[in-house]
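What follows is a set of notes on a single structure, which appears directly below.
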There are 2 protein chains.
Amino acid sequence: MLPAPFDILPETAYRVLNLDAGETLFRQGDPTRGIFYLITGRVRLVRFARSGETVVIHRAGPLETFAEASLFVDVYHCDAILEQAAQLVELRREPLLRQFYSDPLFAMALTSRFATQVQTYRRRLELLAVRSAQERVFAALSEGFLTGDIKTFATEIGLSHEATYRALSHLVRRGRLVKTGRGKYRVKTT
Amino acid sequence: MLPAPFDILPETAYRVLNLDAGETLFRQGDPTRGIFYLITGRVRLVRFARSGETVVIHRAGPLETFAEASLFVDVYHCDAILEQAAQLVELRREPLLRQFYSDPLFAMALTSRFATQVQTYRRRLELLAVRSAQERVFAALSEGFLTGDIKTFATEIGLSHEATYRALSHLVRRGRLVKTGRGKYRVKTT
DNA sequence: TTCACCTTATGATCGAAATCATATCTGATG
DNA sequence: CATCAGATATGATTTCGATCATAAGGTGAA
């Protein structure tokens, strides 16, 4: 149920929560209870800037963890609000930290997970720096970003789904991609 | 010279390198030597996809670390090529891992650093999801992204510098920002 | 089997941002 | 102090992708 390295934690280290859309998971200033793993649903993390404006700093989706940095601070620095009803796992802070201290392999695995995430985000950012829709779609495909449906893919690479469909068919016409089915594309191996 | 938590490492744990533009720091498949901290210059990380295409997966700039995930694997998964001449620090893998195992506080600090980076990248990605140039510039400014010069700021938030200048002056005219000097802007606190 | 809904897909239009151009200001360098 | 390079700033033009619209294909439920 939980992704590595959280799967080795004892059952007392976490609990499953079910929340409705609109509910608040935690607020800026609340003492940190732990980090979270989203099974289904969507959570929005919002920070209130000094100017009084609210800024969305992250939108977490299914199978993602969030609020990782809260492990190392005393209070949350943003609000977590349920955008959709969600089932999620609260990974409690104390057991996590205890495990981290006592089990170097767990510590390594956790750090490795974070390092991998950093890498993934950097790839996405680099992808978003590609101006042309066609080139971006092609690069994203080469990097294996198209796992689920095209609309999700489009959102991930910062394009409208229409622009993405168009770029895909254009790339197929130009012979750079192969269409292997409805909504299925592959980079042409020359 | 080194950012936390690397500043506590003994001198034997790292060495300073000076490389020219065009030189290769490491190649895909090379045994991992360690992670790197860039003092000056620019390094491009490139991966060769199965299709034969080369994809830029990251461009590291001054005061950034890169290849962090290599700590936990045996070989590098991309090439690192000097885009500009650079002075950088090689943080050697073995001493790092030894420190990580033997010093839980170091381990914590390293993990915390990675978690913070994850957070920062997520913020940037969320920012890039804002379609309107004006809103994006405003949000980025509220979040304190404007630290150096405007052109760097523009690149970071995925806009041309012209569009950024225009958005800035427009936001000033509309009274949402205050111009505090040439290239200096602040969110208006109402 | 029919209906409803969502994804895939493509056409048409419009607008916003990229691009190209130009000018001013600033700081660094000799 | 003069010069030059680069950052700031804004104007003009163009282009590309967002948006709106529509249709076909697929899936699941009644």
Side-chain angles (χ1 to χ4, degrees), chain A residues 40-42 56 61-62 83-85 124-141 145-187, chain B residues 21 40-42 61-62 83-85 124-141 145-187:
Chain A
T40 58
R42 193 161 288 278
V56 178
E83 202 170 297
Q84 301 169 9
R124 255 185 79 188
L125 282 167
E126 209 53 55
L127 213 49
L128 291 174
V130 176
R131 295 275 186 219
S132 144
Q134 274 180 57
E135 288 309 317
R136 196 188 300 176
V137 165
F138 183 79
L141 219 72
F145 272 85
L146 177 50
T147 50
D149 59 22
I150 305 277
K151 293 181 81 171
T152 308
F153 176 67
T155 305
E156 272 186 358
I157 64 174
L159 290 174
S160 67
H161 56 95
E162 295 97 325
T164 305
Y165 287 126
R166 263 186 266 275
L168 284 167
S169 36
H170 202 267
L171 285 163
V172 169
R173 273 200 300 280
R174 286 181 49 194
R176 298 182 65 193
L177 295 183
V178 183
K179 184 169 182 171
T180 57
R182 184 181 155 86
K184 308 274 180 193
Y185 297 85
R186 204 168 35 75
V187 174
Chain B
T40 58
R42 194 162 286 279
E83 203 170 296
Q84 299 169 9
R124 256 184 76 188
L125 281 166
E126 211 52 56
L127 213 49
L128 291 175
V130 176
R131 296 270 187 225
S132 143
Q134 274 180 58
E135 288 310 316
R136 195 188 302 176
V137 165
F138 184 80
L141 219 74
F145 274 85
L146 177 51
T147 51
D149 59 23
I150 305 277
K151 295 180 80 170
T152 308
F153 176 68
T155 306
E156 272 186 358
I157 64 174
L159 291 174
S160 68
H161 56 95
E162 296 97 325
T164 306
Y165 287 126
R166 263 187 265 276
L168 283 167
S169 35
H170 201 266
L171 286 164
V172 169
R173 273 198 301 280
R174 287 182 48 194
R176 299 183 64 192
L177 295 183
V178 183
K179 182 168 181 170
T180 57
R182 185 181 155 86
K184 309 275 180 193
Y185 297 84
R186 205 167 35 73
V187 175

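By convention in this document, chain letters (A, B, ...) are assigned in the order of the sequence lines, proteins followed by strands, and residues within each chain are numbered from 1.
Using a cutoff of 4.0 Å between basic side-chain nitrogens and carboxylate oxygens, B:Glu162 and B:Lys151 are not scored as salt-bridged.
Counting any heavy atom pair closer than 4.0 Å across all strands shown, B:Phe153 reaches no nucleic acid atom.
The nucleotide whose nearest atom lies closest to any side-chain atom of A:Arg166 is, among C:dA12, C:dT8, D:dG17, C:dA12. The side chain of A:Ile150 lies closest to C:dT8, out of D:dA18, D:dA9, C:dT8. When distances run from any side-chain atom of B:Ser160 to the nucleotides C:dA18, C:dT8, D:dA12, the shortest one goes to C:dA18. Counting only heavy atoms from C-beta on, B:Glu162 has its side chain closest to C:dA21 among C:dT8, D:dT8, C:dA21.
Contact of the B:Arg124 side chain with the A:Leu125 side chain is registered, since non-hydrogen atoms from C-beta on lie closer than 4.5 Å. Contact annotation: the side chain of A:Leu171 never approaches that of A:Leu141 to less than 4.5 Å [non-hydrogen atoms, C-beta and beyond].
Of the listed residues (A:Val137, A:Ile150, A:Leu159), just one forms a side-chain contact (heavy atoms from CB on, under 4.5 Å) with A:Tyr165, and that residue is A:Ile150.
With rounding to whole Å, B:Gln134 atom CD is found 16 Å from C:dG15 atom P. Between A:Glu135 atom CD and D:dC16 atom C1' the separation is 14 Å, expressed in whole Å.
Comparing A:His161 and A:Arg131 against DNA chain C, the residue whose closest nucleotide sits nearer the 5' end is A:His161.
Of all the residues in residues 167-182 of chain A, A:Ser169, A:Lys179, A:Arg182 reach under 4.0 Å from DNA chain C with at least one non-hydrogen atom.
A distance of 9.0 Å separates CZ of B:Phe145 from CD1 of B:Ile157, quoted to the nearest 0.5 Å.
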